[in-house]
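Note that the structure is predicted; figures quoted are calculated from it, not measured. Chain identifiers are assigned alphabetically (A, B, ...) following the order of the sequence lines, protein sequences preceding nucleic acid strands; residue numbering begins at 1 within each chain.
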Protein chains: 2
Amino acid sequence: MRTAVNSHFSTTQGSAAQRIESELRRSIIALELPPGSRLSEQDIAERHGVSRQPVREALIGLARTRLVEIQPQRGTVVVKISVRKMMEARFVREAIETAVVRRACSSFDRQSRQRIDDLIEMQEHAARRDDHDAFQRYDELFHIALAEGAGCPLAWEAVQDIKAHMDRVCQLTLPGPEAMLPLIDQHRNIVAAIDARNEDAAAEAMRLHLTEILRALPRVEAEHPELFSA
Amino acid sequence: MRTAVNSHFSTTQGSAAQRIESELRRSIIALELPPGSRLSEQDIAERHGVSRQPVREALIGLARTRLVEIQPQRGTVVVKISVRKMMEARFVREAIETAVVRRACSSFDRQSRQRIDDLIEMQEHAARRDDHDAFQRYDELFHIALAEGAGCPLAWEAVQDIKAHMDRVCQLTLPGPEAMLPLIDQHRNIVAAIDARNEDAAAEAMRLHLTEILRALPRVEAEHPELFSA
DNA sequence: TAGTGGATACTACCATACAAGTGTCGGCCA
DNA sequence: TGGCCGACACTTGTATGGTAGTATCCACTA
């Protein structure tokens, strides 16, 4: 019973490098570190009270998922949001997750099915409390449970990096409960279609859900042009 | 014209860490480092004439794509091939690449279209020379060109990590030209369907292609049980 | 005044040294 | 003889110093 290095979501790990990477990822997604910010190994190291080495490893991890760009001998910056990349990400994510829900219609793990009801409920509470962070956490857990229930946890891993980028937009596009609650309804529609074992309906519900998320993208781009790349 | 950090495929990069990561990844996929091998930062560092630090970063990169597993304070091992993971990987890859070819039917970049013909030709030559390495390289470039031509290079990035695992099986399952040539025919079928702008046919051709690749999986597992996890 | 060349301060990158945890092996004891 | 316990060899993780590359800024020149 060693293993279990990283189950479910990014709870702070043991190693300092992983802790810092999680923390930086959170800050970037929450836009506390806005796109274009310059990151310095030195600064971050001092700020976290550790050496530069773990920070460096953390930045390399973030660079691998394209959240930051390491310019050799120059510096490291938080990458700007690219509308083009965002469209591509949405496309790939739709491909994966629609396939997942189709598969879920054939066979779905009972335990995961139970868990999903709880998650939706808790997510709704978070929305009514207007708690963005919790909302996004439960959203993530919902999609994870979907993938695991369908017997394909690897699908989630493939989606994870992609989702990180989309979450930055969601951070801008969810100003209150009235924007979050519809997404929960969409979740319920997806689950209902799976329960009815209706593949096409489930896939379409998922497609609509993922389309909705980026519907407001042009608006936020117009409102915050400095966060987007040319 | 700085940028261009990593275009097309894994040609050895500037940094030592990236060089070593590419080299290790190649060795693992080629099964020169068989599953279960114990890797030591110290050994690899001495072998490559560098310090432990770049090696460490390389191993972290490989661990992120699940090619190796870093056991803290214990050691690092090449992960064994898991039939279950392989099935999941195939599923996700099919989801992505069928979506890509469907998209390609709507609009496909002319330059990429031209390139694909060349790639197929060169891949056929490699097959007739019985050159596994070149065959797999051109196979990779074929799928890259497909994604880029469809206007979704990000799709390839998502597939890349997944493909690394499948390639280890392919290494075992392709003993000669008679096994490679059918795959090329399948590539031609895919392209033909795209040219005809027949979405369903293209997706089905891709599905068949990806199904074929792992058809011989039970056989190689029986032949080399020591490479697979329980 | 506009343009150019070089010193300087910054960065990521690499090497080395140290710290902390884990499995193993051998001696010791009941 | 079987089981326990501690020293040791090995691993990864972290800290720190030094190196090479790049951009900036300022003095100098045409």
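Crowding of B:R84 atom CZ: a count of heavy atoms from other residues, nucleotides or ligands under 6.0 Å not exceeding 12. No more than 12 heavy atoms of other residues, nucleotides or ligands sit less than 6.0 Å from atom CZ of A:R47. Within 6.0 Å of the CD atom in B:E212, the count of heavy atoms belonging to other residues, nucleotides or ligands exceeds 12. Heavy atoms from other residues, nucleotides or ligands lying under 6.0 Å from CD of B:Q111 number 12 at most.
Rounded to whole Å, atom P of C:dA12 lies 15 Å from atom CD of B:Q18. Taking atom CD on A:E41 and atom P on C:dT11, their separation rounds to 9 Å, with Å as the unit. Rounded to an integer number of Å, the gap from B:R56 CZ to C:dA15 C1' is 15 Å. Per the geometry, CD belonging to B:E21 stands 13 Å off P belonging to C:dC13, to the nearest Å. Rounded to whole Å, atom C1' of D:dT14 lies 11 Å from atom CD1 of A:I20. What separates CD1 of A:I70 from C1' of C:dT11 is a distance of 12 Å, to the nearest Å. In this structure, A:R19 places its CZ atom 12 Å from C1' of D:dG13, rounding to the nearest Å. One interatomic measurement links the two molecules: CD of A:E57 to P of C:dA12, which rounds to 15 Å at whole-angstrom precision.
Taking 4.0 angstrom as the limit, B:R74 places a side-chain polar atom (N or O) nearer than this to OP1 or OP2 of C:dG23. Under 4.0 angstrom from either OP1 or OP2 of C:dT11 there lies no side-chain N or O belonging to A:T76. Dashed line: the shortest gap from a side-chain N or O of A:S15 to OP1 or OP2 of D:dT12 is not under 4.0 Å.
A heavy atom lying under 4.0 Å from DNA chain D marks the following residues of residues 43-54 of chain B, by number: B:R52, B:Q53.
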Considering only nitrogen or oxygen atoms on both sides, find all protein atoms under 3.5 Å from nucleotides 7-10 of chain C and state each distance.
none

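No donor-acceptor contact under 3.5 angstrom links the side chains of B:H132 and B:Q171, judged on distance only.
Within 4.0 Å (heavy atoms only), A:L39 reaches sugar-phosphate atoms of the nucleic acid but no base atom.
Using modelled atom types, no side-chain atom of B:H165 and backbone atom of B:K85 make a donor-acceptor pair closer than 3.5 Å.
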**Item:** Trace of the side chain to side chain contact (heavy atoms under 4.5 Å, CB included) decision for A:Q53 with A:E41
**Value:** CA-CA 8 Å; A:Q53 213 56 43; A:E41 295 182 356; over 6 Å; no
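Between B:H209 and B:H143, the ring planes lie parallel to each other; the angle is under 30°, not in the 30° to 60° tilted range.
Contact of the B:L154 side chain with the A:I162 side chain is registered, since non-hydrogen atoms from C-beta on lie closer than 4.5 Å.
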